[in-house]
Amino acid sequence: MEERYQPEEVEPKWQAYWKEKKLFKVSEDTSKEKYYLLEMFPYPSGKIHIGHVRNYTIGDVVVRYKRMKGFNVLHPMGWDAFGMPAENAAIDNNTHPAAWTYDNISAMRAQLKRMGFSYDWDREIATCRPEYYKWEQWLFLKMLEKGMAYRKESYVNWCEKCQTVLANEQVEQDRCWRCSRTVQQKKLWQWFFKITDYAEDLLVHCDQLPGWPDKVTVMQKNWIGRSVGSQLTFKIHDRDENIEVFTTRPDTVFGATFMCLAPEHPLVETLCLGTSREEEVNAFVQKVSSQERSAAGIEKYDKEGVFTGAFCINPATLEKIPIYTANFVLMEYGTGAIMSVPAGDQRDFDFARKYNLDIRVVVQPENETLDPETMTQAYTGPGTMVNSGEFNGLDNTIAIDVMTDWLEKQGLGKKTISYRLRDWGISRQRYWGAPIPVIHCPDCGVVPVPEADLPIQLPEDANLLEKGGSPLPTLDFFARTTCPACGRKDARRDTDTMDTFVESSWYYLRYCSPRYDRGMFDPEAVKYWAPVDQYIGGVEHAVLHLLYSRYFMRVLNTLGMIDFKEPFSRLLTQGMVCKETTTCPEHGYLFPEETRKIESGKLVCVKCNNDVEVGRVIKMSKSKKNVVDPNELLEKYGADVTRLFSLFAAPPERDLEWNEDGVEGSNRFVNRVWRLVLDWLDKIETGNSKSDDNLEPYTGAASNLKSDPAKALYIKANQTIQKVTDDIDKSFHFNTAISAVMELVNDLYAVDTKTHDSELQAVVLFCLENILLLLAPIIPHFCEELFQRLGKKGSVLECPWPEYRTDSLKTDEVLVVVQVNGKLRSKFTIEADKNEAVIREIALSDEKIKKYIENKPLKKVIIIRKKQTLVNIVV
RNA sequence: GCCGAAGUGGUGGAAUUGGUAGACACGCUAGACUUAGGAUCUAGUACCGCGAGGUGUGGAGGUUCAAGUCCUCUCUUCGGUACCA
């Protein structure tokens, strides 16, 4: 008998067995309840890291558990294979993005297989394959036809390093989400998806996603950013034109003493055209356009503006007020124009003070009197209307509606809802992506590629440009084409590719019928499997992938292709796996171990001896150079111990600072179970496989591990089954599930293996079998092996999940905890059926308790008999 | 600034509805078995105190027979977001 668990022999053996028996291959089966579990598919960056291991282990445990519970479980895996790192790597290593990507996929697939994850590999997809993106192009054309996709020229986020446009969701704190470079605004013609059409629907349904963490729905709600207000019309003085403003405070309209336009506002140029102000205004607009509109930039630049020379009419006071253009007004939000109420808005107040503009108080707070001359800041709170004509005296919160109605009657206002969410810009000036299937014809304009011509294949014989830009516009054989509408020979293809988030917005539907060639997916397969019952991934996609996916399902729903709107019924956002990283100003992110050198008490970079920033604990990421490769763990301990350890470290939603100190403990536990089972296997008179039947007499029996180990163990086993089932099913708290099994194992170690008590042997066997069943989802190879050695036929994964007996969860003896004035003073055990009077009597006559209550009047005795039995004596 | 989450031993973390704080591990200490062990087993391990006992869940109050858990205020850390009118 081997002393230790040998993963290098056992794990490949069972992986081969699962493969041979096709245990993870699934198909639609209406006789069974379906369960679709999905982890966010990886980008094939080269190697899996510990974060992937944690993510996929969580999913795999649930999948294996659900299978044992009798569900027909879909658990696919694939590759989010388009994207920039492939291009960068190709330039660096003088290879092709496709070659690099497919090599990485092979390497990562092998690693995932080695982890023993239960994927149906027959459903594997890679988004860079034409069979996949053909349908994405098809959908693009459908959306174009329905007006859901459109092209416009606008200011967009441009990353100079990545040489491409980015969606708003892909800009983090004004930096590129990939390379962290500060983005610029650039005016370009771009394709957009009209996600704003669904702003309200996406928002409303945030509250109807009970299976999602609040954190994520709150982030989505904030991102969508609905604000209710009014759109008011200000007539321009001496012109037959109007300016529309959006405000959430129509009650303050009497206080609007000037107007501010965004520098990009079309009226800015025309208002001052040919006037003496023209030069100054243009200079200002020029200046602002070169300012960074970043958080840092905003700190740097004061609020400033220039007078356009024009005036407009305040619709409430009918006064002429000056029109300014100011750097703090955003063209993209609302209408790009604001009515400035300095008394009620801090920015307007600062601006008014700076340029000596009128301040008029229109909302007076209850306990003070604001004076425009002396006030030092704007007042934004509630109050009573003043200086507002017929509305004086009204509560301002009431005035909001009243005044909106009043303006509306004059045709000068209407209630509006503004959203922060903007349309999704999907054009990317990159090579490694799905080509946008349209043709630009000098005569016909934008012409969609005919469906029969799909897919528009990305040409593989392309050399990437040194500076990182896309080679597609330079490839004549690709870019030059014939207009499908008029036949003109010098039409050009659109040489932009789609944002890679487009691929990931619908891949989970493709898994339902991955080889289907008559559409994006087989409607029948999707009807059976979708939506995803449980989705697992990082919270970093809260307003990226998770929002885009919800949008895409609404598009498909509108197109009549699916009958649901929400892609993921339940969502688990697993915590990030973090690791310290050190930053050297010269050498960038450095892996801590290599860089740590302490010289005269200071941390210095090994390469340059410069002081380095003390390590920050941040998410593992290849670009931050703080990833831990799981291969070392796999080599030393095998897949099962690695799986066990990653689950035992913390509950899944919690962030985790990676630390391998505990892995020995997991290894120890696995080997403890190994020895336990094999030791007993030698001793127990086998043939006793119907152990369950022999255990009937134990139900509800009194028990104590020392006096009656058989009964005590039987109850403990039932409690363990209940605990593990609840932990996996209800909360995904695998760490406590594992600790429950550890407790049972510890109890079993207290039983003398030399016993000849056949009842006890039967209970031990019952415990051992159940331990293997309970651990099977977590450490599957290990459990298969021991299950087989116990003489069982077939796979442990095909066994039903153990059930516990509700009548065998409680012992007949209970522990009574005695408190005096709320402080624990004594404990004793008693038969569970004793009544309260008896318990009270024993508690009060307890020697230790007597000491505390002597000579003091007894006020109250409280007896609680719930999970615990507790007596609290109040004196 | 606004929104959200989290603060528990030396460490990771336990603790349905308020009811024995620290399960289960890591680490550490001692012992056993070993030629040896980084194998295994046994015992101990929140803090202060020789002890009886006292103190303890970021801090300060409060409700309660009883608070890690509920309420008020506050501090810290992390995440999201931000001239959003």
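The sequence lines fix the lettering, A, B, ..., with proteins before strands; numbering per chain opens at 1. Since this is a predicted model, take the numbers as computed values, not measurements.
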Across all chains, not counting sequence neighbours, the side-chain contact (heavy atoms from CB on, under 4.5 Å) partners of A:A316 are A:V253, A:F254, A:N314, A:W406

Rounded to whole angstrom, note down the P distance from B:A21 over to B:G68.
8 Å

Stem ranges of RNA chain B by first residue number, counting only runs of at least 3 Watson-Crick or G-U pairs under 3.5 Å, come to B:1-7 with B:75-81, B:10-12 with B:24-26, B:27-32 with B:40-45, B:46-48 with B:53-55, B:58-62 with B:70-74

Ring pair (Phe, Tyr, Trp, His ring centres under 6.0 Å) filter on A:F669, not counting sequence neighbours, yields none

If the cut-off is 4.0 Å, is A:R865 near the phosphate of B:G19, judged by side-chain N/O to OP1 or OP2?
no

Take A:E169 and A:W177 through the test side chain to side chain contact (heavy atoms under 4.5 Å, CB included) and record every step on the way to the result.
-> CA-CA 9 Å; A:E169 289 80 7; A:W177 71 297; over 6 Å; no

Residues passing the side-chain contact (heavy atoms from CB on, under 4.5 Å) test with A:E836, sequence neighbours excluded, are A:I863, A:R865

Residue set satisfying side-chain contact (heavy atoms from CB on, under 4.5 Å) with A:N55, at least two apart, ordered chain then number -> A:E39, A:I536, A:Q574

Atom NZ of A:K221 and atom C1' of B:G79 are separated, to the nearest Å, by 18 Å

A:L330 has its side chain closest, among B:U20, B:U81, B:C84, to B:C84

**Item:** Whole-angstrom distance between B:A36 and B:A52, as gauged at atom C1'
**Value:** 46 Å

Nucleotide by nucleotide, nucleotides 5-16 of chain B touches protein heavy atoms under 4.0 Å in the pattern (B base, S sugar-phosphate only, - none) -------BSS--

Applying side-chain contact (heavy atoms from CB on, under 4.5 Å) to A:L844 and not counting sequence neighbours gives A:R840, A:I853, A:L858, A:I873

Side-chain atoms of A:R420 come closest, of B:U20, B:A25, B:U81, to B:U81

Residues passing the ring pair (Phe, Tyr, Trp, His ring centres under 6.0 Å) test with A:H545, sequence neighbours excluded, are A:Y535, A:H541

Polar atom pairs (N or O), protein with nucleotides 65-70 of chain B, under 3.5 Å:
unit_1	atom_1	unit_2	atom_2	d
B:C65	O2'	A:N872	ND2	3.2
B:C65	O2	A:N872	ND2	2.6

By salt bridge (charged side-chain N to carboxylate O under 4.0 Å, His left out), A:R550 pairs with (sequence neighbours left out) A:E566

Exercise for review: Could you tell me whether the phosphate oxygens of B:C84, OP1 or OP2, come under 4.0 Å of any side-chain nitrogen or oxygen in A:N222?
Suggested key: no

So, with a heavy-atom separation below 4.0 Å from RNA chain B, the residues of residues 333-344 of chain A are A:Y333, A:I338

Heavy-atom contacts, protein to nucleotides 40-54 of chain B, under 4.0 Å, summarised as B (base), S (sugar-phosphate only) or - (none) per nt, yield SS-----------SS

